[in-house]
Amino acid sequence: VDDPNDDRIVTLQAKARQFVEERDWSQYHSPRNLAMALTVEASELLELYLWSDDGGPQPRTPAKAKAVAHEAADVLLCLLNFCDRAGIDLASAFYDKLEVARQKYPVERVSGRALKYDEYPEWIDPKPDVD
Ligand SMILES: [Mg+2]
């Protein structure tokens with residue numbers, strides 16, 4: 001039974017896996033194919049914003065709001081399937097990467113600024129001999 005209040009990643013991943021197995025689609029779900037599908041779904045999300053004005057409504061028409069939510073869900077479904085197949089513990093990877101991002105982007109340095117970490121004038125390369 002689907003429970004929209006149970007949004008734990010492991011629950012969502014189990015639901016995604018069940019959906020795939022019921023349809024015998026595992027045979028198509030290589031990490032490469034799922035990575036490609038992820039970018040396709042992300043592009044479908046982006047397409048809904050195509051030709052929107054920065055100052056205008058986004059998406060351009062309110063009727064697309066549900067489609068936006070569905071494409072966002074497609075992205076999550078593909079990401080969950082990808083991580084499942086690639087053996088990635090997504091929650092652990094998320095927290096690992098969040099810590100990496102915290103190190104790269106300390107609040108006191110980047111607050112309110114949208115530069116890449118190595119574009120800040122005070123940035124010091126921790127590994128200057130590595131390309
Ligand atoms: Mg889609």
Side-chain angles (χ1 to χ4, degrees):
V1 177
D2 290 338
D3 177 4
N5 294 316
D6 186 356
D7 58 0
R8 294 174 304 156
I9 285 178
V10 291
T11 300
L12 300 179
Q13 200 157 32
K15 295 284 182 184
R17 187 182 308 123
Q18 180 184 5
F19 180 87
V20 170
E21 288 174 352
E22 286 171 347
R23 287 156 182 80
D24 192 24
W25 287 349
S26 297
Q27 58 187 310
Y28 307 112
H29 283 196
S30 65
R32 183 202 62 201
N33 283 347
L34 290 166
M36 288 194 287
L38 178 60
T39 64
V40 169
E41 295 300 342
S43 295
E44 290 176 359
L45 175 62
L46 186 58
E47 184 180 23
L48 295 168
Y49 293 92
L50 187 63
W51 311 123
S52 296
D53 297 323
D54 284 345
Q58 297 192 13
R60 201 174 166 115
T61 60
K64 290 185 176 176
K66 182 144 191 167
V68 167
H70 282 177
E71 294 305 342
D74 280 347
V75 169
L76 178 60
L77 181 59
C78 282
L79 181 61
L80 291 169
N81 284 332
F82 171 79
C83 290
D84 195 35
R85 200 55 185 249
I88 294 169
D89 178 337
L90 186 54
S92 293
F94 173 82
Y95 285 114
D96 284 350
K97 182 62 187 190
L98 193 59
E99 185 53 32
V100 169
R102 284 188 180 117
Q103 300 292 325
K104 279 183 171 178
Y105 298 97
V107 172
E108 63 276 11
R109 182 184 304 152
V110 305
S111 182
R113 302 158 77 191
L115 300 173
K116 190 177 174 192
Y117 68 93
D118 60 358
E119 295 173 334
Y120 289 89
E122 66 276 24
W123 185 75
I124 299 167
D125 188 347
K127 299 175 188 170
D129 298 325
V130 178
D131 287 337

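Counting convention: from 1, in listed order, for ligands and their atoms alike. Every heavy atom of this structure was used, including side-chain atoms; hydrogens, water molecules and symmetry mates were not.
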For the student: nearest non-hydrogen atoms of [X] and [Y], plus distance:
X	Y	answer
Arg17	Asn81	N-OD1, 4.4 Å
Ser26	Arg85	O-NH1, 2.9 Å
Arg113	Pro121	NH2-CD, 3.8 Å

Quick check: of its N, O or S atoms, which one does Glu44 have closest to the Mg ion (ligand 1)? OE1
Return the name of the atom in Asp74, of element N, O or S, nearest to the Mg ion (ligand 1). OD2
Taking the Mg ion (ligand 1) as the vertex, measure the angle between atom OE1 in Glu71 and atom OE1 in Glu41; round to 10°. 90°
Looking at Ala42, is its backbone amide N or carbonyl O close enough to the side chain of Glu71 to form a donor-acceptor pair, meaning the two atoms are under 3.5 Å apart? no
